[in-house]
Amino acid sequence: MVAVLAMVILLAAAAPGQNESTYGGGGGGGWRRPMVPAMFIFGDSLIDNGNNNNLPTFARANYFPYGIDFVGGPTGRFSNGYTIVDEIAKLLGLPLIPPSTAPVMGPLRGLNYASAASGILDITGRNFIGRIPFNQQIRNFENTLDQITGNLGAATVAPVVARCIFFVGMGSNDYLNNYLMPNYPTRFQYTSRQFADLLVQRYTQQLTRLYNLGARKFVIPGIGIMGCIPNMLARSSDGRCLEEVNQLGRDFNANVRTMIDNLNTNLPGSRFTYINIARLFQDILANPMAYVEFGFTT
């Protein structure tokens, strides 16, 4: 995990910000100069920090035991404390990025548009009723951009947006809450390979939309080892990871890596950086003692 965060910081440091002010780094670590003007976040429950709180949805985490280690208690994060984007923001010298549905107080250092149960496909997660699919998250960012541009002018805003970090983590729910769900027809319409191709085709279009809105620096994590999550272990006859589900993730991640290579080649001035989440988790499982200092126990 530390290696991932360091990589993101190096990505940000490649384009030092013009903002010379200093402010709190989001929950500790002292005062530092921001390495980027802002970070904009898109994704699902892994990084949702409260956007689902007021939706009519079963995908909500604004109650205990969520947030038991977070100052102030539950916030809507699907975790006990910080998420990966919280850690990245802190290390970049940014404050914790607020949810897009919350009022912004003070200078805008980014917004988090992520929504639990959301996916690349609009139909993903409908079992949970309310959620904000990735397409709508992009539209929400476009609305934010229109407001900022209306106040400051495109000539001022565009070069700043080009230096911001865009963290986009999508894909898991398109399997867990779509392809693998018995009440969805998707698995009967597509082979696993065809579905991975469909997802990344749509993903490419969506990321290109963000690029056309001015984004240039992207951090794109792959999906984790889905066959080893508790829900899948409970479905296993022997309590072991479901290899066929892990294979779905490998197919998707392989496509994402190819997509990133193509986007870096075809979109002038862009920089897409891939985070191999599956390998990170495999290393944690294989070498748990190496992560004791980060709170992992066996």
Side-chain angles (χ1 to χ4, degrees), residues 1 4-5 7-8 26 39-53 55 57-62 65-70 74-91 96-101 110-121 124-125 127-128 130-134 136-138 165-180 199 203 206-207 218-232 245-246 248-249 252-253 256 273-285 294-296:
M1 189 66 71
V4 172
L5 300 182
M7 176 183 66
V8 175
M39 179 165 65
F40 296 96
I41 300 160
F42 306 81
D44 51 32
S45 62
L46 296 176
I47 48 181
D48 183 354
N49 64 346
N51 286 313
N52 278 23
N53 287 355
L55 291 181
T57 180
F58 295 111
R60 192 182 296 161
N62 55 342
Y66 298 109
I68 57 174
D69 298 316
F70 198 93
T75 60
R77 290 169 171 81
F78 287 72
S79 65
N80 60 304
Y82 277 8
T83 65
I84 185 173
V85 292
D86 292 329
E87 293 289 353
I88 291 173
K90 184 172 67 171
L91 292 172
L96 296 183
I97 307 301
S100 63
T101 53
L111 286 173
N112 185 334
Y113 299 88
S115 171
S118 66
I120 294 170
L121 304 180
T124 290
N127 285 359
F128 293 92
R131 75 275 184 212
I132 308 170
F134 187 28
Q136 183 60 52
Q137 293 179 33
I138 296 173
I165 295 290
F166 285 74
F167 187 102
V168 184
M170 303 296 302
S172 296
N173 281 326
D174 293 290
Y175 288 99
L176 298 174
N177 292 301
N178 184 335
Y179 193 73
L180 294 171
L199 289 180
Y203 209 8
Q206 292 161 333
L207 293 172
F218 295 83
V219 178
I220 313 292
I223 58 179
I225 45 179
M226 299 183 298
C228 299
I229 66 174
N231 177 274
M232 293 298 156
V245 176
N246 284 338
L248 294 174
F252 176 80
N253 287 338
V256 167
T273 300
Y274 178 74
I275 300 178
N276 193 333
I277 294 293
R279 187 172 66 184
L280 284 172
F281 279 103
Q282 287 169 344
D283 190 59
I284 290 172
L285 293 173
F294 304 112
F296 291 90

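Bear in mind that the values here come from a model prediction, so they are computed numbers and not experimental data. Residues take their numbers from the sequence shown, with the count starting at 1.
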So, the side chain of Asn177 versus the backbone of Asn127: is there a donor-acceptor pair under 3.5 Å, distance only?
no

Between Asn62 (side chain only) and Gly50 (backbone N and O only), is there a donor and an acceptor less than 3.5 Å apart?
no

What are the two closest non-hydrogen atoms of [X] and [Y], and how far apart are they?
| X | Y | answer |
| --- | --- | --- |
| Pro221 | Tyr274 | C-CE1, 4.3 Å |
| Gly222 | Asn253 | CA-OD1, 3.3 Å |
| Tyr82 | Glu87 | CD2-OE2, 3.4 Å |
| Met232 | Met226 | CG-O, 3.2 Å |
| Phe40 | Gly110 | CE2-CA, 3.9 Å |
| Gly171 | Ile120 | CA-CD1, 4.1 Å |

Step by step, would you call Leu248 with Leu180 a side chain to side chain contact (heavy atoms under 4.5 Å, CB included)?
CA-CA 10 Å; Leu248 294 174; Leu180 294 171; 3.7 Å; yes

Do [X] and [Y] come close enough that some side-chain heavy atom pair is under 4.5 Å?
| X | Y | answer |
| --- | --- | --- |
| Asn112 | Ser100 | no |
| Asn49 | Val85 | no |
| Asn231 | Leu176 | no |
| Asn80 | Pro65 | no |
| Phe78 | Asp44 | no |

Could you tell me the separation between the [atom1] atom of [X] and the [atom2] atom of [Y], rounded to the nearest 0.5 Å?
| X | Y | atom1 | atom2 | result |
| --- | --- | --- | --- | --- |
| Ile223 | Leu199 | CD1 | CG | 8.5 Å |
| Phe281 | Ile229 | CZ | CD1 | 11.0 Å |
| Ile84 | Ile275 | CD1 | CD1 | 5.0 Å |
| Leu55 | Arg60 | CG | CZ | 7.5 Å |
| Met170 | Thr124 | CE | OG1 | 8.0 Å |
| Ser172 | Asn178 | OG | CG | 12.5 Å |

Can a donor-acceptor pair be found between the side chains of Ser115 and Asn52 at a distance below 3.5 Å?
yes

Ignoring hydrogens and angles, state whether a donor on the side chain of Thr101 or Asn51 is under 3.5 Å from an acceptor on the partner side chain.
yes

For Gln136, check side-chain contact (heavy atoms from CB on, under 4.5 Å) against everything at least two apart and list the hits.
Ile132, Pro133, Arg139, Asn140

Please list all pairs meeting salt bridge (Lys or Arg N to Asp or Glu O under 4.0 Å) that have one or both residues in residues 75-85, counting only residues at least two apart or in different chains.
Arg77-Asp86

How are the rings of Tyr175 and Phe252 set to each other: parallel, tilted or perpendicular (split at 30° and 60°)?
perpendicular

Which class fits the ring pair Phe166 and Phe218: parallel under 30°, tilted 30 to 60°, perpendicular over 60°?
tilted

Check the pair Asn173, Phe128 against side chain to side chain contact (heavy atoms under 4.5 Å, CB included), reporting the backbone distance first and the verdict last.
CA-CA 11 Å; Asn173 281 326; Phe128 293 92; 6.0 Å; no

